[in-house]
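Inspection log for the structure reproduced underneath, given as C-alpha cells.
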Amino acid sequence: MKITYALALHGGAGVEPAANTPEGKIEFEAVLEHGRDLGLKILASGGTAMDAVEQVVRYLEDDPHYNAGRGAVMNSAGTIELDASIMDGKTGQAGAVAGMRTVKNPVTLARLVMTETKHVLLIGDGAEKFADEMKGKPGIERVENSYFYTEVRRQQLLKAQEKEKAEKNNTPPAHGTVGCVALDSHGNLAAATSTGGTNNKRFGRVGDTPIIGAGNYANNLTCAVSGTGTGEYFIRSSAAFHIHALMAYKGMSVEEALAEVVNNVLPKETGGLIVVDRDGRIAMLTNTGGLSRAAGDSSGYKMVKLEK
Ligand code: ASP
C-alpha cells in the first residue's frame, strides 16, 4: 500500500528519569501519543508537513514533560535558553533561533525567521528583538523566563553541578529534546526540532538543534531528519545532513543511512535520530539507553515507545 502521509516525533534520547516508573511511563507516552495524533490529523486532512511539524513541536514545547519550551533544562546559571529550527524539504528554506529567553514557542519564531527574513539563524537579543517585531503574528507569545521553569529541572541541575564538582569534565546526559518529521499528502517533507539544550550547559552555549544539517534537516530528494543527544557530536559530524547525503550520494535506504550514522559516525552513547523518507518510510534509532518516540502513517500504523 502506498503511504500518502507519515509522521514521527521524539522526546529525546535516553529515558527521562521521571518516566522510569510504570505511572511515569504511561504519562510520558501519552504526551507523545497526543502529539502524534495531532500531527496525523493535520496530515490526514491535507495539511502540510510544515504545519504538522510546527504544531506538534509547539504542543511539546507547551507540555512540561520534555526538554523544550516549558520544562526545558537549565544552564549553569540556572536560567533557561531555548533553541529551535524548522526546515522545508520542498523549498530547502530553513529558519532557526538560539538562546531564546522569553519566546514561548521558539519553533514558531524559527518559522518566521524563515518566512519573514533573508536569514536562517537569529540568536539571543537579536532574535528577541525580532520577536518584538513579530508581535501580533499568530503563535508569537512572550513569557517571563520563569514560565519555562520546573522543579524537576532545577533538581537535575543541582545534581549535575554536584557531580561536575566531583568529576572534572563530566558531561551529564541530555534528555528530552523534541522533534518531528513529516511527509504530507502533497509529497513534501519537513522537520522541526526544539530544545532547552543540555543540562548545566554553559551560559551562551548553542547545540545542534538550531544548526541546519546537524540536528535538523529536510530535503524532498531524500528525507526529513530530527536528532537528539549531545549536540556537539551532531555538529561535528553534520549528523542530519549526513543521513541525507548517504541516501542521495550512496543510494542507501533510510534504515541503512540512519544505522550508519548512529552506529558508526556518532560516538557511542551520544544520541539518536528520527527520519521519514520521501516514500513515508519511518526509521528511528539511538545509541543511548532509550529514545522517546512515536510515529504513524496513512495506513493506520501507529506506535509509541520510550525504550531503545
Ligand atoms: N541535542 C540537544 C543539544 O545538544 C540536546 C538533546 O537532544 O537532548 O542541545
Side-chain angles (χ1 to χ4, degrees), residues 8-17 19-20 28 32 57 60 65-68 71-75 81-85 87 96 98 107 153 156 160 163 169-181 191-202 205-218 223-244 246 254-255 257-276 282-295 305-308:
L9 61 150
H10 70 76
V15 177
E16 292 275 346
N20 268 328
F28 277 76
L32 294 177
V57 168
L60 294 168
H65 287 82
Y66 292 99
N67 173 19
V73 298
M74 294 179 185
N75 64 21
E81 292 178 294
L82 307 165
D83 305 337
S85 68
M87 186 166 189
V107 71
R153 297 305 188 193
Q156 285 177 357
K163 225 175 150 192
N169 293 329
N170 161 65
T171 315
H175 290 297
T177 288
V178 309
C180 183
V181 294
T193 310
S194 183
T195 191
T198 48
N199 186 25
N200 197 28
K201 67 186 180 182
R202 282 190 82 103
R205 177 263 190 192
V206 175
D208 60 314
T209 300
I211 310 290
I212 299 302
N216 199 68
Y217 190 72
C223 63
V225 186
S226 173
T228 171
T230 310
E232 284 70 13
Y233 297 103
F234 284 66
I235 297 173
R236 289 179 195 138
S237 63
S238 302
F241 182 83
H242 212 124
I243 293 175
H244 152 77
L246 289 170
V254 63
E255 291 88 359
L258 177 61
E260 175 63 21
V261 168
V262 171
N263 298 328
N264 300 326
V265 173
L266 290 168
K268 283 191 178 46
E269 296 297 328
T270 56
L273 304 104
I274 59 169
V275 195
V276 60
I282 291 166
M284 302 181 280
L285 194 65
T286 186
N287 62 28
T288 61
L291 177 65
S292 304
R293 61 200 184 279
K305 197 169 178 184
L306 306 183
E307 307 81 21
K308 217 171 160 80

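Note that the structure is predicted; figures quoted are calculated from it, not measured. Hydrogens, waters and symmetry mates play no part in the numbers below; they use all other heavy atoms, side chains included.
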Determine, stepwise, if the pair S194 / L60 fulfils side chain to side chain contact (heavy atoms under 4.5 Å, CB included). CA-CA 9 Å; S194 183; L60 294 168; over 6 Å; no
Could K308 and E269 be called an ion pair, given the rule that one side-chain N must be under 4.0 Å from one carboxylate O? no
Strictly below 4.0 Å, N to O, side chains only: are E232 and R205 in salt-bridge contact?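 R205 and E232: salt-bridged.
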Determine whether I274 and L291 satisfy the following criterion, side chain to side chain contact (heavy atoms under 4.5 Å, CB included), listing intermediate values before the conclusion. CA-CA 9 Å; I274 59 169; L291 177 65; 4.3 Å; yes
In terms of the angle between their ring planes, are F241 and Y217 parallel, tilted or perpendicular, with boundaries placed at 30° and 60°?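 Perpendicular: the ring planes of F241 and Y217 meet at over 60°.
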Rounded to the nearest 0.5 Å, how far does CG of N216 lie from OG1 of T193?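 Going from OG1 on T193 over to CG on N216, the span is 3.5 Å.
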To the nearest 0.5 Å, tell me how far K163 NZ sits from N200 CG. 11.5 Å
Looking at T198, T195, D208, V73, which one forms a side chain to side chain contact (heavy atoms under 4.5 Å, CB included) with T177? T195
How about N199 and Q156: does a side-chain donor come under 3.5 Å of a side-chain acceptor? no
So which heavy atom on C223 is nearest to which on I243, and how close? SG-CG2, 4.1 Å
Candidate pair M284 and K305, rule side chain to side chain contact (heavy atoms under 4.5 Å, CB included), full reasoning: CA-CA 11 Å; M284 302 181 280; K305 197 169 178 184; over 6 Å; no
Taking C-beta and beyond as the side chain, do L32 and S292 meet within less than 4.5 Å on heavy atoms? yes
How about T270 and N287: do any of their side-chain heavy atoms sit closer than 4.5 Å? yes
Okay, side chain of [X], backbone of [Y]: is any donor-acceptor separation there less than 3.5 Å?
X    : Y    : result
T228 : A13  : yes
R293 : E307 : yes
Y66  : H10  : no

For L266 and L273: C-alpha separation, side-chain torsions, deciding distance, then whether side chain to side chain contact (heavy atoms under 4.5 Å, CB included) applies. CA-CA 11 Å; L266 290 168; L273 304 104; 4.1 Å; yes
